[in-house]
Amino acid sequence: MITFEEQSGIFHLRNDKMSYVMQVVRGKYLLHRYWGAPLRKFRDSRAFQALDRAFSPQPGDYENERTFSLDVLPQEYPAWGHLDYRTPAYEVRLADGTTATELRYAGYEIRPGKPRLAGLPAAYAEDDEAETLVITLKDYAGHLTAELYYTIFADLAIVARSARLCNTGKDALTLTGAASFALDFPDHDFDRLSLYGGHAAERSLERIRLMRGIQETGSRRGASSHQQSPFLALARPETTEQAGEAFGFSLVWSGEFSFRTEVEQFGTTRVVGGIQPDGFAWLLEPGESFQTPEAWLAYSAEGLDGMSGNFHQLVRQHLLRGPHRAALRPILVNNWEATYFDFDDEKMDALAQSAADLGIELLVLDDGWFGRRQDDNSSLGDWQVNTEKLKGGLKGVAESAHKRGLKFGLWFEPEMISFDSELYRAHPDWVLRAPEYPLSYSRHQLVLDLSRQDVRDYLVEAVSRILRENEIDYVKWDFNRHITDAFSAELPPERQGEVRTRFVLGLYDVLERITGAFPQVLFESCSGGGGRFDAGMLYYMPQTWTSDDTDAIQRLAIQSGTSYVFPPITMGAHVSVVPNHQVGRVTSLQTRFLCALMGAFGYELDITRFSAEEREQVKQHIALYKQLRPTIQLGNFHRLLTPFAGTKNETAWEFVSADGRQVVLTYFKTLAEPASPVRILKLAGLEAEADYEITEYLPAQCTSVDGAGKPQMQVKGQVYGGDELMHSGLTVEKIDTDFAAYLWVFNKI
Ligand code: DGJ
C-alpha cells in the first residue's frame with residue numbers, strides 16, 4: 001500500500017479507495033502533492049508552476065530564488081516563523097528564545113500494521129490490515145526531530161496521522177504548538193462543515209462557504225466539548241449526503257483542540273488540526289519527546305454519507321476494544337429522569353420489577369448514591385454508598401436487578417470533587433486552582449488534578465473497590481464541568497502550560513487501568529450528556545450518552561449530527577417522559593421509540609407509571625428493537641435526509657444489516673404542512689439485483705380530531721427491487737400530524 005520512489009522522492013499511499021501522495025523536494029522539503037481518488041501512479045501531471053511571485057521579499061530557499069517559496073508550496077508539517085507565513089503545524093521556543101526552526105527530510109521507514117501511541121488512544125490494526133509510513137524530519141540546527149506517522153488501512157479511505165517531536169539538542173526547549181497534521185489543498189472551492197452546539201444541544205451541522213483568511217473550530221474548555229466537536233470537513237459545494245467529494249477530519253483526543261483552515265493569497269487551502277495551541281506550552285528536556293494525538297483524514301467520493309461510512313468502519317473495527325466492541329448492547333432503564341436524586345431501595349426495586357416485565361435488560365442507578373449527596377452540592381469524591389438512601393447498600397440494588405435477570409449499572413463522576421466532601425477536606429491541594437485566586441465553581445464542583453499520580457492512584461482504587469465489592473455490569477462515567485484555572489500544585493512554573501494536556505493524559509491512564517482491570521464491565525462515557533463524545537473516550541468506553549436532551553425532535557438533529565463521525569452502536573439514546581423535561585414537548589411514544597431506536601437503546605422515565613396501554617406498546621417496541629438490534633448496532637448506517645438541509649423539517653435514517661438481508665428505515669417529519677410535496681425516499685446501500693419484502697410497517701400515528709389523514713396504505717408484504725428502491729424510491733404515506741415518525745423493515749428475498 002505504501003511505495004517510495006527514490007528518484008522522484010515520491011511517497012504514494014494507495015488502496016482501492018484513495019491515494020495520498022507526498023514528495024521530498026530538493027532532498028530536504030517534505031511537500032504534500034495529492035489526496036483523493038485512487039491513482040495508479042502519480043507522475044506529477046499537476047507540477048508546481050515555477051512562478052515568479054513578484055514581490056521580492058517572498059520567502060524562498062537559501063539560494064534566494066524568486067520562483068521557489070515555502071510560503072506557497074504545500075507542506076506536510078510546516079514551521080512557525082520561518083519561510084511560511086501560513087498557519088504552522090508546530091511552534092517551538094529554544095533555550096535562547098529562538099522561534100524559527102527548520103525541519104528537513106532525513107529518512108523514512110515502512111512498517112506493517114500500526115504502532116501504538118504511548119499513553120494515547122488510537123486506532124489499532126493487525127499487520128495485514130494496515131501499513132504505516134514513518135517519515136523523519138530533522139531540524140537544520142539539530143535541536144529537534146519530528147517523526148510523522150501515516151497509516152493507511154487496506155479497506156478504508158482513511159489515513160491516520162500523528163507526530164512525535166523529540167528534543168535532540170543539548171538544552172531544554174518548549175513546544176508552544178504541536179498539531180497532529182497539516183494538509184494543503186491546491187484550491188479553495190469548498191464548503192466548510194463543522195459540528196456546533198451547547199449543553200443539551202450538541203452537534204448540529206454548520207455548512208458554510210470556506211472563507212479566505214483563517215477560520216477556527218475548536219475548544220479551550222479542557223474537553224472536546226458540547227460547543228464544538230473535534231470534527232471538520234471540506235466538501236465541494238455540490239456535494240450532498242450521497243454524492244460528491246468530501247474530506248473529513250476527526251481527532252482521537254478528548255481535550256481542547258483546534259482545527260484551523262486558512263485560504264491564502266493564491267487561493268490554496270491549509271488545514272491544521274490537533275491540540276489547541278492557545279495556552280499550550282510543553283517543556284522538553286534533552287532526549288524527551290512529545291507524542292501528538294492521532295488525527296483521522298477520511299476521503300469520500302460518495303458524499304458525506306460515504307465519509308461517515310469510512311469513519312464508522314474505522315471506529316467499529318479499529319477503535320472500539322474489549323468484549324463489548326461488537327457485542328449487542330443491553331436495553332437499559334436509567335433512573336435519572338425518573339427520580340433525579342430522590343430514590344431509595346424501594347423505588348429502585350419497583351423499577352427493576354417493571355423493567356423485567358417489559359423486557360428491559362439493564363437497570364442503571366444514576367447520580368446520588370454516595371456520600372451525603374441529596375442534590376448536586378456535595379460529596380463528589382466520596383465514593384462510599386449512602387446507606388440512608390440505600391439501606392441494603394449497592395449490593396441490595398444489584399441483587400434486586402440480578403435476581404430478575406437484569407444487569408446492574410452504576411453512575412460515577414470520578415474526575416470531580418465537591419468543596420463539601422471528605423475528599424476535599426483531606427486533600428485541598430488535589431484540585432486545579434490558581435493559588436492566589438478564589439476557587440472557581442461550575443455546578444458547585446471543582447476538578448481534580450489528574451496530572452498527579454497520587455490523585456490518579458486514589459481514583460483507580462476508589463472506583464475499582466466499588467466494582468470489586470459489588471456485582472456491577474455497567475458504569476456510566478460522567479464529567480459535568482469544564483476546566484478553568486489549570487494550575488497544578490505539584491508542577492514547577494515552567495510546566496504549568498502542560499496541565500490541560502496532562503489532565504487528559506492522566507484521564508487516559510486512569511481509564512486504561514480501570515477498563516483494563518474490569519473488561520467484563522460495559523462502560524458508557526458521558527459529559528453533561530454528549531460534551532465529550534469523541535474517539536478518545538470511545539477507545540476506552542464503547543458507548544457515549546449522546547445528550548442530556550431526550551426530546552425526540554431535538555434528538556433528530558443531535559443524533560444526525562453525531563453520525564457524521566460515530567456509528568449508531570456508540571450513541572446512547574433513550575425514550576423519556578412527556579412533556580419532555582428539557583423542552584416541554586409532547587410527542588407520541590412511537591415517535592420517541594423510533595428516534596431512540598437509532599442507537600444503544602433504553603428508557604429514562606418512571607416506567608412504573610405507564611398506563612396499561614402504554615405498557616403493551618412498550619413491550620412491543622422492546623420486542624421489535626430486539627429483532628432489529630443486530631442490524632442497527634452492527635450494520636451499516638445511511639443518512640437519507642437530515643434536519644440540516646433541504647426542508648429542515650424531515651429526517652430519514654437507514655440501517656442495512658452486515659449480511660445485507662435486513663433493512664430498517666425510519667422517517668420523521670417534524671411539523672405537518674398543507675400542500676407539501678409527496679415525499680419519496682431513495683434508499684442507499686441495497687443490492688440492485690435483489691428483491692426486498694416489507695415485513696414491518698409502522699405509519700405515523702394520526703392525532704387529528706376528525707381522524708383525517710389516517711394511515712391507508714397496505715404496505716406490509718409488498719416486494720420491490722433494490723434498484724427500484726434506490727433509484728425510483730419509496731413513497732411516504734402522508735399523515736397529517738406534527739412529530740410524525742414511520743418505520744419500515746425490509747427483508748431481502
Ligand atoms: C449529567 C448526565 O448527562 C445525566 O444523564 C445525569 O447522569 C446527570 N449528569 C447526573 O448528575
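Atoms within each ligand, like the ligands themselves, are counted from 1 in listed order. All values below were derived from every heavy atom in this structure, side-chain atoms included, with hydrogens, water molecules and symmetry-related copies excluded.
- Here His199 has no heavy atoms under 4.0 Å from ligand 1, in either its backbone or its side chain.
- Residues Leu522 and His324 approach most closely at N-NE2, 3.5 Å, considering heavy atoms.
- The atoms of ligand 1 that sit less than 4.0 Å from any heavy atom of Trp545 are 3 (O), 5 (O).
- Atom 7 (O) of ligand 1 has Asp366 OD1, 2.6 Å as its closest protein atom, hydrogens excluded (heavy atom only).
- For Arg443, the heavy-atom gap to ligand 1 drops under 4.0 angstrom.
- Within ligand 1, counting atoms from 1 as listed, the ones closer than 4.0 Å to a heavy atom of Gly528 are 1 (C), 3 (O).
- We find that Arg373 and Asp420 are not joined by a salt bridge, their nearest charged nitrogen and carboxylate oxygen being 4.0 Å or further apart.
- Under a cutoff of 6.0 Å and an axis angle of 45°, Arg532 and Phe479 form a cation-pi pair.
- Remark: Arg555 is positioned above the aromatic ring of Trp545, its terminal NZ or CZ atom under 6.0 angstrom from the ring centre and at most 45 degrees off the axis.
- Ion pair Arg456/Asp509 flagged as a salt bridge, since at least one NZ, NE, NH1 or NH2 atom sits closer than 4.0 Å to an Asp/Glu carboxylate oxygen.
- If you check which protein heavy atom lies closest to atom 3 (O) of ligand 1, you get Asp548 OD1, 2.3 Å.
- Geometrically, Lys476 does not engage Phe412 in a cation-pi contact, judged by NZ or CZ lying under 6.0 Å from the ring centre and within 45° of the ring axis.
- Here Arg433 does not pair with Asp485 in a salt bridge; the nearest charged N to carboxylate O distance is not below 4.0 Å.
- Of the heavy atoms in Asn334, none comes closer than 4.0 Å to ligand 1.
- Note on Lys347 versus Asp606: no salt bridge recorded, every NZ/NE/NH1/NH2 to OD/OE distance being 4.0 Å or above.
- Those atoms of ligand 1 that come under 4.0 Å of a heavy atom in Lys476, given as number and element, are 4 (C), 5 (O), 6 (C), 7 (O).
- Residue Asp367 approaches ligand 1 through these ligand atoms, each under 4.0 Å from one of its heavy atoms: 10 (C), 11 (O).
- Counting heavy atoms closer than 4.0 Å to ligand 1, residue Glu413 contributes nothing at all.
- For atom 9 (N) of ligand 1, the closest non-hydrogen atom on the protein side is Asp478 OD2, 2.7 Å.
- With ligand atoms numbered from 1 in the order given, ligand 1 contributes 2 (C), 3 (O) to contacts under 4.0 Å with heavy atoms of Cys526.
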